[in-house]
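Scope of the values below: all heavy atoms of this structure, side chains included, with no hydrogens, waters or symmetry mates. Numbering starts at 1 and runs along the sequence shown.
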Amino acid sequence: MPDTILEGITSPSDIKSFDFPTLESLAEEIRIQLIKTISKNGGHLASNLGTVELTLALHKIFTCPTDQIVWDVGHQSYTHKLLTGRQKQFSTIRLPEGLSGFPRHSESTYDAFVAGHSSTSISVAEGLVRAKQLQQKPGWVIVVVGDGAFTGGMIYEALNNVRKGDRLAIILNDNGMSISRNVGALAGYIAKIRTNPRYFRVKDKVELFLKYLPLIGVPAKEFLMGLKRVLRQKLYHSNLFEYFGLEYYGPVDGHNLRQLCDVFQRVKNRPGPVFIHVQTVKGKGYPYAEQSPQAFHGVSGFDIATGNPEVAHYDSYSTIFGKELVALAREDPSICAITAAMETGTGLQYFSREFKGTGRFFDVGIAEPHAVTFAAGLAANGMKPVFAVYSTFLQRAVDQLIHDAAIEHQHVVIAVDRAGIVGDDGETHQGVFDVALVTPIPGVVVYSPASFEELKYSLHEAFHQNDGPCVVRYPRGSQPPLKAPFCGDYSLYYPETVQADGFQGVTLATYGREASVCEMAADVLAQKGVSVRVIRLVKIHPLPKRVFHILAKSDGILFVEEGIQAGGVGEQLMASLCGYNCGQESLPMMKILAIQDRFVPQDTVQGALKRVGLDQASVEKCAEQIWKAVCGRNRLGKESEL
């Protein structure tokens, strides 16, 4: 016999017979499991603690996977994973080869769709609903979407596509911002009545009576329904969702299992589409998370007893960026900053505090496309905006960067945080596409610093030495050890056993975090007799002309790039070298080490680098192969001369 209720659950059907006291006990067990696991593995704590009862009620009333749940963003789906046959594997969440921290259809048929980026859920759900209709398949599609996602434009594009009769239930998980404003005790009383089963039964009987009342039945019903809508608009100051054709329910207490189940059962027995406004407490059940939900939104680990997070006591690229931006903005009042709901994550908390009340800091919510175009508008009227954004979220705004910033050549600075591999958040969050996406855009200048000093230099150059769109990208965490002194747009490193004068050998060309890996590999290779040097690029697009001359004088080139190979700097460099007139009869031997045609799964950063062949051992092996090929070609050349 299992020791706990949770241990006995192998599928959602196991909880359908549970009474409410048992469900409430199960909710407490789930919270204990969430806190225990996330304190070790890291992950999204506050958002998951807030959706325990909501998830239990969904699985008690609906029947998955016939009914499908779409999670937006997906970082609140941990309880769902525990109830859908993954309880025994839950300790592996976010670990290499373990459960994903987000829904994954490849992981479970209970996960309807992947969800790593915000505001996509209703679009996905509409597609799932239409497919069910076309194939005459049964079941509802239920969307669980946070209030923050409603700042994303895709939400409204999808709502505009909702049709009468869609078996679609949109659940607003409101844990901070109330969409429909409640006014006074009367509004609260009406909300309580609307979620009471007796209200539903009376409403049904009245509608049925009016429907069959001769002559005046239908007109009377239409009049009363219209009167109800007017009254609700007076009480709630309008309800946007009913204008989209959704029947509105709520607000509902998101931690009251009886109330949730009553509403879900009511919805299940009616035609859709419906909108259910559920109010929850982010971090529910863990006092430290309730008091500081933002701090416990995404954590690397923490001490359960004290709530103290495992925070590294050193600067990161994000903090250095934030502090340097403040220093630049003190000298230049035209500099302003934009975030898309990621103020602390991107280091902009320093800017927002320093310039509080000046109007120079803007949080536009989860709306990256708007942020870029908004920045272009600021630039058009003489400001110097910087938009700080994670690499994975910049992907959502590439069109705006092309159309609104680049074509008009607006001086917009994009600070790209979490560039490169980020580790345990997995495929949806790896920052490996930004270089290939932005470097083909005409007029865009890109910097990729490998150290804090280079980051400060890049920001200064972006603001003061350019007049068009600039991208400054940098990885997560702290700077790695570097040996070559900083020299500007690029730096050269020669191991002690290699002569700089008259260099003939293999050049390791790279940028960003891989510079440290290449320098350490060069030291090992030099001890093996390999003539090798490292060129560390800071300005990666367009490349300084001097870089082509340096590389063209090498016998072999290994370009190491922590990004997708297709369209990356390595491929662009190779193409440029082929057309570079260096007066040589043959080009250097060239090879690229980069991520090839794959998504990078969750792992530690070092584990992921090894997985994709960007660790030190892989660099050494590849460089040594090039060196042997170079030596063989040189011998053949000398023999042919004889």
Open item on the list: Pair Asp434, Tyr390 - check side chain to side chain donor-acceptor pair (under 3.5 Å), show working.
Closed with: CA-CA 10 Å; Asp434 60 270; Tyr390 287 7; over 6 Å; no
Open item on the list: Taking the side chain as everything from C-beta on, heavy atoms only, tell me whether Val364 gets closer than 4.5 Å to Thr151.
Closed with: no
Open item on the list: Quick check on Phe374: does its CZ atom have over 12 non-hydrogen neighbours (other residues, nucleotides or ligands) under 6.0 Å away?
Closed with: yes
- [ ] Answer with yes or no after comparing the ring centroid distance for Phe393 and His117 against a 6.0 Å cut-off, counting only values under it.
- [x] yes
Task: Asn466-His411 side chain donor-acceptor pair, cut-off 3.5 Å - done: no
Task: Step-by-step side chain to side chain contact (heavy atoms under 4.5 Å, CB included) determination, Tyr78 to Leu83 - done: CA-CA 9 Å; Tyr78 288 13; Leu83 298 176; over 6 Å; no
Open item on the list: Give me the atom names and distance for the closest heavy-atom approach of Val432 to Ser391.
Closed with: N-OG, 4.4 Å
Task: Distance-minimising heavy-atom pair for Pro96 and Thr604 - done: CG-N, 4.3 Å
TODO: Answer whether the closest heavy-atom distance between the side chains of Val445 and Val471 falls below 4.5 Å.
DONE: no
TODO: Without swapping roles, check the side chain of Gln76 against the backbone of Asp72 for a donor-acceptor pair under 3.5 Å.
DONE: yes
Open item on the list: Quick one, Tyr447 with Ile540, criterion side chain to side chain contact (heavy atoms under 4.5 Å, CB included). Give me CA distance, side-chain angles, the key distance, then yes/no.
Closed with: CA-CA 6 Å; Tyr447 298 88; Ile540 63 173; over 6 Å; no
Open item on the list: Please tell me whether Tyr156 and Asn161 have a donor and an acceptor in their side chains that are separated by less than 3.5 angstrom.
Closed with: no
Open item on the list: Would the distance check show the side chain of Arg536 and the main-chain N or O of Ala484 forming a donor-acceptor pair, the cut-off being under 3.5 Å?
Closed with: yes
- [ ] Flag the pair Gln479 / Tyr317 as yes when at least one side-chain heavy-atom distance between them is below 4.5 Å, and no otherwise.
- [x] yes
Task: Ion pair Asp417/Arg476, N-O distance below 4.0 Å - done: no
Open item on the list: Using only atom types and a distance under 3.5 Å, with no angle test, would you say the side chain of Glu514 pairs donor to acceptor with the backbone of Val560?
Closed with: no
- [ ] Would you check, one step at a time, whether the test side chain to side chain donor-acceptor pair (under 3.5 Å) holds for Ser108 with Asp111?
- [x] CA-CA 6 Å; Ser108 172; Asp111 292 356; 4.7 Å; no
Task: Val612 and Arg598: CA distance, side-chain angles, deciding distance, side chain to side chain contact (heavy atoms under 4.5 Å, CB included) verdict - done: CA-CA 9 Å; Val612 298; Arg598 65 182 298 184; 4.2 Å; yes
Task: Heavy atoms from other residues, nucleotides or ligands near NZ of Lys132 exceed 12 (cutoff 6.0 Å) - done: yes
Task: Side-chain donor or acceptor of His541 paired with backbone N/O of Thr439 under 3.5 Å - done: yes
Task: Test item: Gln616 side-chain N/O and Val517 main-chain N/O as donor-acceptor pair under 3.5 Å - done: no
Task: Minimal non-hydrogen separation, Val619 against Ala521, with atom names - done: CG1-CB, 3.8 Å
Task: salt_bridge(Arg94, Asp424) N-O dist < 4.0 Å - done: yes
TODO: Answer yes if the side chains of Glu561 and Gln565 hold a donor-acceptor pair under 3.5 Å, and no otherwise.
DONE: no
TODO: Verify the neighbour count for atom CD of Gln89: are there more than 12 heavy atoms of other residues, nucleotides or ligands below 6.0 Å?
DONE: yes
TODO: Find out whether Leu577 and Ile557 are in side-chain contact, i.e. whether some heavy atom of one side chain is under 4.5 Å from a heavy atom of the other.
DONE: yes
- [ ] Return yes if a side-chain donor-acceptor contact under 3.5 Å exists between Thr346 and Arg418, otherwise no.
- [x] no
TODO: Locate the shortest heavy-atom distance separating Ile441 from Ala406; write the atom from each residue and the value.
DONE: CG2-CB, 3.5 Å
Task: Electrostatic pair Arg104:Glu427 at N-O distance under 4.0 angstrom - done: yes
TODO: Supply the atom-to-atom distance Cys631 SG to Ile626 CD1, rounded to the nearest 0.5 angstrom.
DONE: 12.0 Å
- [ ] Search all heavy atoms of Leu593 against all heavy atoms of Ser618 and return the closest pair with its distance.
- [x] CD1-O, 4.0 Å
- [ ] To the nearest 0.5 angstrom, please state how far the OH atom of Tyr474 sits from the OG atom of Ser451.
- [x] 14.0 Å
TODO: Could you grab the distance from atom CD of Glu157 to atom CD of Glu126, nearest 0.5 Å is fine?
DONE: 13.0 Å
Open item on the list: Regarding Glu562 and Arg513, does a basic nitrogen lie under 4.0 Å from an acidic carboxylate oxygen?
Closed with: yes
Task: N/O donor-acceptor pair under 3.5 Å between Ser119 side chain and Ile155 backbone - done: no
Task: Heavy-atom donor-acceptor pair, Thr373 side chain to His370 backbone, under 3.5 Å - done: no
Task: Close side-chain approach of Thr51 to Asn173, heavy-atom, < 4.5 Å - done: yes
TODO: Applying side chain to side chain contact (heavy atoms under 4.5 Å, CB included), run through Tyr494 and Phe503 and close with a yes or a no.
DONE: CA-CA 10 Å; Tyr494 293 86; Phe503 173 79; 3.9 Å; yes
Task: Heavy-atom donor-acceptor pair, Arg611 side chain to Pro601 backbone, under 3.5 Å - done: no
Task: Minimum heavy-atom distance between Ala552 and Pro588, given as atom pair plus value - done: O-CG, 3.9 Å
TODO: Decide whether Ser554 and Thr507 meet the rule of one side-chain donor and one side-chain acceptor closer than 3.5 Å.
DONE: yes
Open item on the list: Would you compute the distance between atom CD1 of Ile69 and atom OG1 of Thr55 and round it to the nearest 0.5 angstrom?
Closed with: 7.0 Å
Open item on the list: Determine whether Ser458 and Arg473 satisfy the following criterion, side chain to side chain donor-acceptor pair (under 3.5 Å), listing intermediate values before the conclusion.
Closed with: CA-CA 9 Å; Ser458 299; Arg473 61 185 305 277; over 6 Å; no
TODO: Indicate yes or no: at least one non-hydrogen side-chain atom of Asp404 is less than 4.5 angstrom from one of Val372.
DONE: no
Open item on the list: Ring-plane angle category for Phe102 and His75, please: parallel below 30°, perpendicular beyond 60°, tilted otherwise.
Closed with: tilted
TODO: Could you tell me whether the side chain of His80 and the main chain of Tyr110 form a donor-acceptor pair under 3.5 Å?
DONE: yes
TODO: Would you give the length of the straight line joining atom CD1 of Ile595 to atom CD1 of Ile564, rounded to the nearest 0.5 angstrom?
DONE: 6.0 Å
Task: Whether Gln135 side chain and Ala131 backbone form a donor-acceptor pair below 3.5 Å - done: yes
TODO: Just do the side chain to side chain donor-acceptor pair (under 3.5 Å) check on Asp315 and Thr319 with the steps written out, would you?
DONE: CA-CA 6 Å; Asp315 276 321; Thr319 59; 3.2 Å; yes
- [ ] Indicate whether the side chain of Tyr457 and that of Asp489 have a donor and an acceptor atom separated by less than 3.5 Å.
- [x] yes
Open item on the list: Once rounded to the nearest 0.5 Å, what's the spacing between atom CZ of Phe90 and atom CD1 of Ile93?
Closed with: 4.5 Å
Task: Leu394 vs Glu368 side-chain heavy atoms within contact, under 4.5 Å - done: no
Task: Beyond-backbone contact of Phe113 with Thr120, side-chain heavy atoms, under 4.5 angstrom - done: no
